[in-house]
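Counting from 1, the numbers follow the sequence of the chain as shown.
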Amino acid sequence: MAKNVKDLLAEANSAVPKLSPTEAAEKMRSGDVLIVDVRDPTEVQQTGKIKGAVNVSRGMLEFRADPESRYHNPAFQKDKTVLLHCASGGRSALAGKTLQDMGYTAVFNIGGFKELVDAGIDTEPA
């Protein structure tokens with residue numbers, strides 16, 4: 001039976017641990033993490049991004065995360081903790097599940113950009 005977006009989100013949310021903004025900030029302070037903003041570049045241009053985050057739109061994630069891809073971003077290392085966020089948490093959950101499927105093991109959904117900013121997490125211009 002074919003899956004719909006509700007099914008895919010439920011599957012992703014059950015597989016990818018969700019961190020609160022406080023827990024996300026603790027992970028960020030601990031060091032060796034990759035913060036990935038999976039929003040589209042136009043969204044990031046309008047709001048800025050979490051300080052130190054790499055913006056990789058959801059549609060390019062697999063290409064940037066795969067070391068065998070000519071579009072690989074070397075910031076993606078399978079031994080790093082990966083913290084993903086988007087505007088509200090849906091795309092980051094799906095992205096987290098994709099990274100898990102690709103062999104990344106320490107993958108967390110840290111939710112939506114506004115929620116993170118409201119919790120006091122530092123931002124920077126895009």
* For K27, what residues pass the salt bridge (charged side-chain N to carboxylate O under 4.0 Å, His left out) criterion, not counting sequence neighbours? ->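 Listed in chain order: nothing, the list is empty.
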* Using a distance-only test with no angle check, is there a side-chain donor-acceptor pair under 3.5 angstrom linking N109 and S92? ->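 There is such a pair between these side chains.
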Smallest separation among heavy atoms of [X] and [Y], with atom names:
X	Y	result
D7	A2	OD2-O, 4.3 Å
N55	R39	ND2-O, 2.9 Å
S30	V33	OG-CG1, 4.5 Å
V107	G96	CG1-CA, 3.5 Å

* To do: Kindly indicate, with the supporting measurements, whether the criterion side-chain contact (heavy atoms from CB on, under 4.5 Å) is fulfilled by T123 and I121.
  => CA-CA 7 Å; T123 62; I121 293 180; 6.0 Å; no
Could you tell me whether the side chain of [Y] reaches within less than 4.5 Å of the side chain of [X], counting heavy atoms only?
X	Y	result
F76	R64	yes
I50	L116	yes
K51	M28	no
L19	L83	yes
L84	V82	yes
L94	L9	yes

Could you state whether [X] and [Y] fall into the same hydrophobic cluster, counting links through intermediate Ile, Leu, Val, Met, Phe, Trp or Tyr residues with side-chain heavy atoms under 4.5 angstrom apart?
X	Y	result
L8	L61	no
V44	F113	no
V117	I110	yes

Is there a donor-acceptor pair closer than 3.5 Å between any side-chain N or O of [X] and the backbone N or O of [Y]?
X	Y	value
E124	G52	yes
K49	A53	yes
Y104	A65	yes
D66	E62	no
S69	F63	yes

From [X] atom [atom1] to [Y] atom [atom2], the distance as rounded to the nearest 0.5 Å:
X	Y	atom1	atom2	value
I35	K80	CD1	NZ	10.0 Å
H85	D37	NE2	CG	3.5 Å
T105	Q100	OG1	CD	9.0 Å
S14	K97	OG	NZ	8.0 Å

* To do: Please lay out, stage by stage, how K18 and E23 fare under the test salt bridge (Lys or Arg N to Asp or Glu O under 4.0 Å).
  => CA-CA 9 Å; K18 175 86 165 45; E23 293 167 320; over 6 Å; no
* **Verdict with reasoning, F108 to V16, per side-chain contact (heavy atoms from CB on, under 4.5 Å)** => CA-CA 6 Å; F108 299 90; V16 180; 5.6 Å; no
* Applying the salt bridge (charged side-chain N to carboxylate O under 4.0 Å, His left out) test to E43, which of R58, R91, K114 qualifies? ->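 Option passing the salt bridge (charged side-chain N to carboxylate O under 4.0 Å, His left out) with E43: R91.
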